[in-house]
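Structure record follows, encoded as structure tokens.
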Amino acid sequence: MQKPYVFITRKLPKETVSQLEQIAEVNMWPHEEKAVPREVLLKEIKKADGILTMLSDKIDSEVLDEASSLKVIANLAVGYDNIDVAAAKQKGITVCNTPDVLTDSTADLAFSLILATARRIVESANYVKEGKWNSWGPLLLAGADVHHKTIGIVGMGRIGEAVARRAKGFDMKILYHNRNRKPDAENSLDAEYKEFHELLKQSDFVVSLAPLTPETEGMFNQEAFQSMKDSAIFINAGRGATVDESALIEALHNKEIAGAGLDVFQQEPIEVDHPLLSMKQVVALPHIGSASVETRMKMAELACRNITNILDGKDAETPVI
């Protein structure tokens with residue numbers, strides 16, 4: 001009996017796909033940091049029974065129309081806005097993601113951005129490496145304290161709650177905004193629910209962890225940044241498209257906010273001549289929220305188990321639909 005065919009759009013560690021290879025013929029794009037070309041994706045989808053995708057792979061109706069035997073799409077991410085979920089559902093294709101396993105790693109990274117931006121860590125490290133440190137000054141590269149400040153978390157899902165737990169360790173006041181209120185989080189984390197613009201007005205650190213939806217797209221716009229304190233720092237470890245980057249640039253340039261720590265952008269990879277990258281008060285990272293070796297291995301293994309289960313006629317562990 002012929003094994004089902006599975007295509008993986010990036011090179012993954014061999015050990016993460018070993019279980020999948022027992023039940024399927026697996027073809028893996030041989031590059032880790034080079035995206036699979038669109039024409040290759042369209043060719044592979046024609047014969048695939050399962051596909052393991054990255055957040056950067058656009059699985060739209062054009063791709064899905066080429067699929068004749070596809071049963072499962074396993075996205076190596078919590079988010080899945082790169083996939084036309086409605087079109088997949090219409091074709092009876094199961095879409096899976098990798099929640100939970102990356103919660104703490106992403107929260108670590110988000111809080112690292114808070115500390116790095118507030119305390120000017122990257123700027124200070126470059127100052128030393130560039131040979132500029134010739135003396136000590138009372139306000140040399142002085143940043144802002146994090147402890148005892150107010151953090152406003154927009155998007156109080158698993159990662160948002162994990163960031164809030166870290167904030168408690170810094171004796172921060174915790175505000176949050178979410179589509180639905182979270183009574184359990186309010187009780188266990190002493191978090192206060194606020195309307196969006198009220199949260200912006202009160203917070204010293206505004207942390208965006210919101211998923212990308214029609215409601216959240218561009219929510220951090222000119223009005224939002226103007227609502228923030230001029231001493232506030234904006235952190236985005238959620239989705240790049242929730243931010244109007246032109247408005248963010250203007251807010252930073254006009255000193256309407258003090259700084260930004262960004263792990264995600266509207267267009268990725270961000271161009272090297274992008275205005276945000278020339279600003280000293282901006283810490284920019286290459287979308288590494290879940291990028292610890294341990295977490296990425298767990299994500300790959302979960303994605304492979306989801307495919308294995310569906311092709312074996314079982315339920316996926318983490319289906320989106």
Determine whether more than 12 heavy atoms belonging to other residues, nucleotides or ligands lie under 6.0 Å from atom [atom1] of [X].
X    : atom1 : result
E39  : CD    : yes
Q90  : CD    : no
E33  : CD    : no
K314 : NZ    : no
E271 : CD    : no
K182 : NZ    : yes
D315 : CG    : no

* Asked: Does a salt bridge link E32 with R10, judged by any charged N lying under 4.0 Å from a carboxylate O?
  ->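 Salt bridge between E32 and R10, a charged N being under 4.0 Å from a carboxylate O: no.
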Roughly how far apart are [X] [atom1] and [Y] [atom2], rounded to 0.5 Å?
X    : Y    : atom1 : atom2 : answer
E198 : L200 : CD    : CG    : 9.0 Å
I59  : Y80  : CD1   : OH    : 15.5 Å
T150 : M172 : OG1   : CE    : 7.5 Å
I121 : N126 : CD1   : CG    : 11.5 Å
T242 : N236 : OG1   : CG    : 4.5 Å
I159 : S290 : CD1   : OG    : 8.5 Å

Shared hydrophobic cluster for [X] and [Y] (ILVMFWY, side-chain gaps under 4.5 Å):
X    : Y    : value
V283 : L141 : no
L209 : L109 : yes
V282 : F265 : yes
L311 : V320 : no
I83  : L102 : no

* Trace of the side-chain contact (heavy atoms from CB on, under 4.5 Å) decision for E62 with L42 -> CA-CA 8 Å; E62 180 189 19; L42 288 168; 4.1 Å; yes
Does [Y] offer a backbone N or O that forms a donor-acceptor pair with the side chain of [X] under 3.5 Å?
X    : Y    : result
R119 : V146 : no
D60  : D84  : no
N221 : A247 : no
W29  : K34  : yes
K47  : Y5   : no
H148 : D171 : no
N75  : N97  : no
D263 : H287 : yes
R165 : L189 : no
T295 : A291 : no

Heavy-atom pair with the smallest gap, counting every atom of [X] and [Y]:
X    : Y    : answer
L140 : S135 : CD2-O, 3.7 Å
A48  : S69  : O-OG, 3.2 Å
L64  : A88  : CD1-N, 3.7 Å
N306 : C96  : ND2-CB, 3.6 Å
L52  : A303 : CD1-CB, 3.6 Å
A162 : D104 : CB-OD1, 4.1 Å

Decide yes or no for [X] and [Y]: does some side-chain heavy atom of the first lie under 4.5 Å from some side-chain heavy atom of the second?
X    : Y    : value
L276 : I249 : yes
M219 : V154 : yes
L55  : R239 : yes
L175 : I151 : no
I51  : L41  : yes
K58  : R38  : yes
K173 : D204 : no
L248 : I257 : yes

* Residue among E161, E192, E186, K194 satisfying side chain to side chain donor-acceptor pair (under 3.5 Å) with Y176 ->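 So, applying the side chain to side chain donor-acceptor pair (under 3.5 Å) to Y176 and each of E161, E192, E186, K194, only E186 qualifies.
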Between [Y] and [X], do the side chains contain a donor N or O and an acceptor N or O under 3.5 Å apart?
X    : Y    : answer
N178 : Y193 : no
T213 : R179 : no
H274 : E245 : yes

* To do: Please work out which of the three classes, parallel, tilted or perpendicular, describes the rings of F234 and F225, given edges at 30° and 60°.
  =>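 Answer is perpendicular, since the angle exceeds 60°.
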* Taking it one step at a time, do D312 and R305 satisfy salt bridge (charged side-chain N to carboxylate O under 4.0 Å, His left out)? -> CA-CA 10 Å; D312 261 351; R305 288 200 306 273; over 6 Å; no
* To do: Step by step, work out the side-chain contact (heavy atoms from CB on, under 4.5 Å) result for E66 and K46.
  => CA-CA 5 Å; E66 296 296 320; K46 290 177 184 290; 2.3 Å; yes
* **ring pair (Phe, Tyr, Trp, His ring centres under 6.0 Å) partners of residues 105-135, not counting sequence neighbours, each pair once** => F111-F170
* To do: List the steps, then state whether salt bridge (charged side-chain N to carboxylate O under 4.0 Å, His left out) holds for R158 with D100.
  => CA-CA 7 Å; R158 295 183 183 92; D100 300 333; 2.5 Å; yes
* Chi angles and distances behind the salt bridge (charged side-chain N to carboxylate O under 4.0 Å, His left out) call for K3, D49 -> CA-CA 10 Å; K3 288 183 175 181; D49 297 286; over 6 Å; no
